[in-house]
Enquirer: 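First the structure, then my questions, so here it is.
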Amino acid sequence: MPTELTPLEKVRLEKLERLREMGIEPYPNRAERTHTAEEAKAAFLASEQAGEETGPRVTVAGRLRSMRPMGKITFAHIEDATGRIQLFLRANDIGKDRLKLFNKFFDLGDFVQATGVLFRTRSGEITVRVEDFRMLAKAITPLPPAKDEVVDGKVVRHAVLADPETRYRQRYADLAVNPEVREIFRTRAKIVRALRDFLDDHGFLEVETPILQPIYGGAAARPFITYHNQLKQKLYLRISFELYLKRLLVGMYEKVYEIGRDFRNEGISFKHNPEFTQLEFYWAYADYFKVMEFAEEMIAFVADRVLGKRTLTWQGHEIDLNPPWRRVELRQGLIEAVGIDIKDYPTAEELAAAMKKKGIEPKPNASRGKLIDQLVSDYLEPNFIQPTFLYNYPRDISPLAKAMPGDPTMVERFEGFIGGMELCNAFTELNDPLDQEARFLEMGRTYAADDEERHPIDEDYLRAMRYGMPPNGGFGMGIDRLTMIFTDKRSIREVILFPHLRERENAKPPSEVTENPTAEENNEG
RNA sequence: GGGCGCGUAGCGCAACGGUAGAGCAGUGGCCUUUUAAGCCAUUGGUUGCAGGUUCGAAUCCUGUCGCGCCCA
């Protein structure tokens, strides 16, 4: 069913038809661009410095962003990926009919190309004196006008597309009119590139492990469920890469990493998207302190590469990424922040009572580890604005981490925080297959059969570990959150090109998509 | 999941119980160095959706959909 066009769109469609009647193809196959806007300006400056009398002849192409028809001349700006350049069309140069064609049938948003010699206008702007121009692609739907005005040297954009819903649902329009949004995703790409380079330079091997997994694991999260028709088997979209990457250490790789997508069937918020990008690495013969030092070096390296400096502003906070980051031992941190020494309360009941005494309402039915996690989330994390490693975590919320020698209730694990937000999570990895099996069984007992965080036991992972897994340190970090820090964004949706939003009722896709025996399970819980 | 807020023209906004408006964009016209160009004229709306209250609803009420913020 064709979409209902707005009156503005109908006007443009009519223009398009008129162009075709005139024998002008509004969507030609090829363009003849010789210079980007930036290259054209650079070429002009070079010829100007060389003292040449006329500027270089160029063909530029881009989207029409402004038009100022003034009788027998017209000024316009086109924009390409490198920036804007002004076009100057004069009846004397191109003839009255061509000028009229441009003024009447070319609209803001259209992709056009223009050929001419570069010169400076009276106000000094480098401009193409157009000899020839051509439609490259007609825009039917008008983009938001987004006019720029320079006030006291600052660019003020008017009537800019700002509604978050429209910006996320129609990211293409957001990107088309908001150059600073385009910049976010350039920064994101630089971050990922820097991480890869850092890891590659340190001898890590980039690998790809299954996204579709018969058993999910490696994190506490609900999975998305799908189904392989021929295998007649349920498959889960991975919630982490951990268990597969560690299998590779059994296979004698010593340093492996993966950058990819994880999927978690949970709430959507300003820091959660159902699919998000994760970096995980595993490093044989390293422990969590070694990983800690490596991680802060890695982030500093990313800062050097992306920002050219190691400080940044995030939501008004000056953040210093220089190593070493602040280190807070979890037990000590809670003693100082809450006045509770978790060591004095070895059971959930005792700890809950201690919390109540302090006026803190403990989460009902929570394990000791969960209660500690509650205290950490409420009283420590929000204060970790500067880069901070919190280390030594309770064992029962860390089933894949190795216990601390001398304290079987705690494990060698740390999390990194910036801006009060959890950024990364790492441990000395558990490599004792008997302990690992015991932990899995323990988890099975801790959670009721219908608990959302209950995980099936990965027998194959245990088998791999029984073959022998070297001692190793592992690390996981959310790339989206790291990008938020580097781009000063508060919402994860600002750093994901196409974030998930609820489907609009009147925008449903064809309904035959859900031909899937397990589709209903995807909606459970 | 709970609380608060928002949804009006393509875009950014106004009107807050009494005829839905202005700007930009659009359309027609004037204009040979403009840059939110200017001047004149002008088109465009089931006020997210569905009910209710009222002589009268964009405005008040209820529900619903979507988004945002805060909390869990």
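Protein chains get the first letters and strands the later ones, always in sequence-line order, with residue 1 at the start of each. Values reported hereafter were calculated over all heavy atoms of this structure, with side chains retained and with hydrogens, waters and symmetry mates removed.
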Enquirer: What does B:rA36 pair with, Watson-Crick or G-U, if both distances are under 3.5 Å?
Expert: none
Enquirer: Look at all strands and tell whether A:R12 reaches a base, only sugar-phosphate, or nothing, counting heavy atoms closer than 4.0 Å.
Expert: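 A:R12: no heavy atom of the nucleic acid under 4.0 Å.
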Enquirer: For A:D373, which residues count as a salt bridge (Lys or Arg N to Asp or Glu O under 4.0 Å) partner, sequence neighbours excluded?
Expert: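 Listed in chain order: nothing, the list is empty.
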Enquirer: A:E14 CD to B:rG26 P: how many Å, rounded?
Expert: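 Interatomic distance, CD of A:E14 to P of B:rG26: 15 Å.
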Enquirer: Tell me, please, which residues at least two apart from A:K104 pass side chain to side chain contact (heavy atoms under 4.5 Å, CB included).
Expert: A:K100
Enquirer: Do A:E38 and A:T82 meet the criterion of a side-chain donor-acceptor pair at a distance under 3.5 Å?
Expert: no
Enquirer: Under the salt bridge (Lys or Arg N to Asp or Glu O under 4.0 Å) rule, what pairs show up with a residue in residues 52-64 of chain A, not counting sequence neighbours?
Expert: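 Sorted pair list: A:R57-A:E131.
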Enquirer: With a 4.0 Å cut-off on heavy atoms, is A:K15 in touch with a base, just the backbone sugar-phosphate, or nothing at all?
Expert: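 Contact class for A:K15: sugar-phosphate only.
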Enquirer: Which pairs pass ring-ring contact (aromatic ring centres under 6.0 Å, His included) with one or both residues in residues 123-152 of chain A, sequence neighbours excluded?
Expert: A:F102-A:F133, A:F106-A:F133
Enquirer: Whole angstrom is fine here: how far is it from CG in A:N103 over to C1' in B:rA37?
Expert: 14 Å
Enquirer: When rounded to the nearest Å, what value does the distance between P atoms of B:rC24 and B:rU42 take?
Expert: 14 Å
Enquirer: Could you work out, with salt bridge (Lys or Arg N to Asp or Glu O under 4.0 Å) as the rule, every residue matching A:R171, not counting sequence neighbours?
Expert: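 Scan of A:R171 (salt bridge (Lys or Arg N to Asp or Glu O under 4.0 Å), adjacent residues dropped) gives A:D174.
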Enquirer: Does the gap between the ring centers of A:F414 and A:Y391 come in under 6.0 Å?
Expert: no
Enquirer: Run the numbers on A:E183 and A:R186 for salt bridge (Lys or Arg N to Asp or Glu O under 4.0 Å), then give the verdict.
Expert: CA-CA 5 Å; A:E183 201 49 40; A:R186 291 207 173 89; 3.5 Å; yes
Enquirer: Report all interatomic pairs (protein N or O, nucleotide N or O of nucleotides 1-11 of chain B) with separations under 3.5 Å.
Expert:
| unit_1 | atom_1 | unit_2 | atom_2 | d |
| --- | --- | --- | --- | --- |
| B:rC11 | O2' | A:A159 | O | 2.5 |

Enquirer: Which nucleotide, in any strand shown, forms a Watson-Crick or G-U wobble pair with B:rG51, with both distances under 3.5 Å?
Expert: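 With both distances under 3.5 Å, B:rG51 matches B:rC61.
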Enquirer: Using a cut-off of strictly less than 4.0 Å, decide whether A:R502 has a side-chain nitrogen or oxygen near OP1 or OP2 of B:rG66.
Expert: yes
Enquirer: For B:rC4, which nucleotide is its Watson-Crick or G-U wobble mate, given both distances must be under 3.5 Å?
Expert: B:rG68
Enquirer: Determine which pairs satisfy ring-ring contact (aromatic ring centres under 6.0 Å, His included) with at least one residue from residues 136-179 of chain A, sequence neighbours left out, and list them in order.
Expert: none
Enquirer: Could you tell me the separation between the CZ atom of A:R129 and the C1' atom of B:rU33, rounded to a whole number of Å?
Expert: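 About 9 Å, once rounded to whole Å.
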Enquirer: Please state how far atom CD in A:Q170 lies from atom C1' in B:rG66, giving the value in whole angstrom units.
Expert: 14 Å
Enquirer: When the C1' atoms of B:rU64 and B:rC6 are considered, how many whole Å apart are they?
Expert: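 The same atom, C1', in both gives a distance of 16 Å.
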Enquirer: Write down the partner of B:rC31 under the Watson-Crick or G-U wobble criteria, each distance required to be under 3.5 Å.
Expert: none
Enquirer: Return each pair, listed once, that meets ring-ring contact (aromatic ring centres under 6.0 Å, His included) where at least one residue sits in residues 61-87 of chain A; pairs must be two or more places apart or across chains.
Expert: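 Those involving residues 61-87 of chain A are A:F75-A:F88.
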Enquirer: Return the value, rounded to whole Å, for the distance between atom NZ of A:K271 and atom C1' of B:rC69.
Expert: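 One finds 14 Å between C1' of B:rC69 and NZ of A:K271, rounded.
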Enquirer: Set out, in order, the CA-CA distance, both residues' side-chain angles and the distance that settles side chain to side chain donor-acceptor pair (under 3.5 Å) for A:R157 and A:N178, then state yes or no.
Expert: CA-CA 9 Å; A:R157 199 151 345 114; A:N178 294 324; 3.1 Å; yes
Enquirer: For A:E9, give me all partners under side chain to side chain donor-acceptor pair (under 3.5 Å), at least two apart in sequence or on another chain.
Expert: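 Scan of A:E9 (side chain to side chain donor-acceptor pair (under 3.5 Å), adjacent residues dropped) gives A:T6, A:T141.
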Enquirer: I need the CZ-C1' distance between A:R122 and B:rA37, as an integer number of Å.
Expert: 14 Å
Enquirer: Pick the nucleotide of RNA chain B nearest each of A:D107 and A:T121; which residue has the one closer to the 5' end?
Expert: A:D107
Enquirer: Scan every strand shown for a Watson-Crick or G-U wobble partner of B:rG17, both distances under 3.5 Å, and answer none if you come up empty.
Expert: none
Enquirer: Quick check: any donor-acceptor pair below 3.5 Å linking the side-chain of A:Q86 to the base of B:rU34?
Expert: yes
Enquirer: If you look at every strand shown and take non-hydrogen atoms under 4.0 Å, does A:E9 touch a base, only sugar-phosphate, or nothing?
Expert: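 Result for A:E9 = nothing.
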Enquirer: Take atom C1' in B:rC40 and the same atom in B:rA20, then report the distance between them in whole Å.
Expert: 25 Å
Enquirer: If you measure from the C1' atom in B:rC31 to the same atom in B:rA41, how many Å do you get, rounded?
Expert: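 So the two C1' atoms sit 15 Å from each other.
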Enquirer: In whole angstrom, what separates A:K138's NZ from B:rG26's C1'?
Expert: 12 Å
Enquirer: What does the list of N/O pairs under 3.5 Å between the protein and nucleotides 70-72 of chain B look like, with a distance for each?
Expert:
| unit_1 | atom_1 | unit_2 | atom_2 | d |
| --- | --- | --- | --- | --- |
| B:rC70 | OP1 | A:R490 | NH2 | 2.5 |
| B:rC70 | OP2 | A:R490 | NH2 | 2.8 |

Enquirer: Taking the side chain of A:K104 as heavy atoms from C-beta outward, which of B:rG28, B:rG26, B:rG66 is closest to it?
Expert: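 So the nucleotide nearest the side chain must be B:rG28.
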Enquirer: Using the P atom as the point on both nucleotides, what is the distance between B:rG23 and B:rU62, in whole Å?
Expert: 37 Å
Enquirer: Looking at B:rG10, which nucleotide sits across from it as a Watson-Crick or G-U wobble partner, both distances under 3.5 angstrom, or is there none?
Expert: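 By the stated definition (distances under 3.5 Å), B:rC24 pairs with B:rG10.
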Enquirer: Write down the distance separating the C1' atoms in B:rC16 and B:rG5, rounded off to the nearest Å.
Expert: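 Here B:rC16 and B:rG5 have their C1' atoms 16 Å from each other.
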Enquirer: Which part of the nucleic acid does A:K10 contact within heavy-atom distance under 4.0 Å: base, sugar-phosphate only, or nothing?
Expert: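 Counting heavy atoms under 4.0 Å across all strands, no contact is made by A:K10.
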Enquirer: Enumerate the residues from residues 63-81 of chain A whose closest heavy atom to RNA chain B is under 4.0 Å, giving them by residue number; use none for an empty result.
Expert: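 Only A:R68, A:P69, A:M70, A:G71, A:K72, A:I73, A:F75, A:H77 qualify.
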Enquirer: Using the P atoms only, state how far B:rU8 lies from B:rC49, rounded to an integer number of Å.
Expert: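 The same atom, P, in both gives a distance of 10 Å.
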Enquirer: What's the CG-P distance between A:L13 and B:rU27, to the nearest Å?
Expert: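 Between P of B:rU27 and CG of A:L13: 14 Å.
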Enquirer: Could you give the distance separating B:rG26 and B:rA9 at their C1' atoms, to the nearest angstrom?
Expert: 11 Å
Enquirer: Taking the basic N atoms (NZ, or NE/NH1/NH2) and the acidic carboxylate oxygens, is any pair closer than 4.0 Å for A:E39 and A:R33?
Expert: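 The answer is no: the pair does not qualify as a salt bridge.
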Enquirer: Output side-chain donor-acceptor pairs under 3.5 Å for residues 476-485 of chain A, partner residues at least two apart or in another chain, one line each.
Expert:
| unit_1 | atom_1 | unit_2 | atom_2 | d |
| --- | --- | --- | --- | --- |
| A:D480 | OD1 | A:R188 | NH1 | 2.8 |
| A:D480 | OD1 | A:R188 | NH2 | 3.0 |
| A:D480 | OD2 | A:T277 | N | 2.8 |
| A:R481 | NH1 | A:E422 | O | 2.9 |
| A:R481 | NH2 | A:K271 | O | 3.2 |
| A:T483 | OG1 | A:I479 | O | 2.7 |

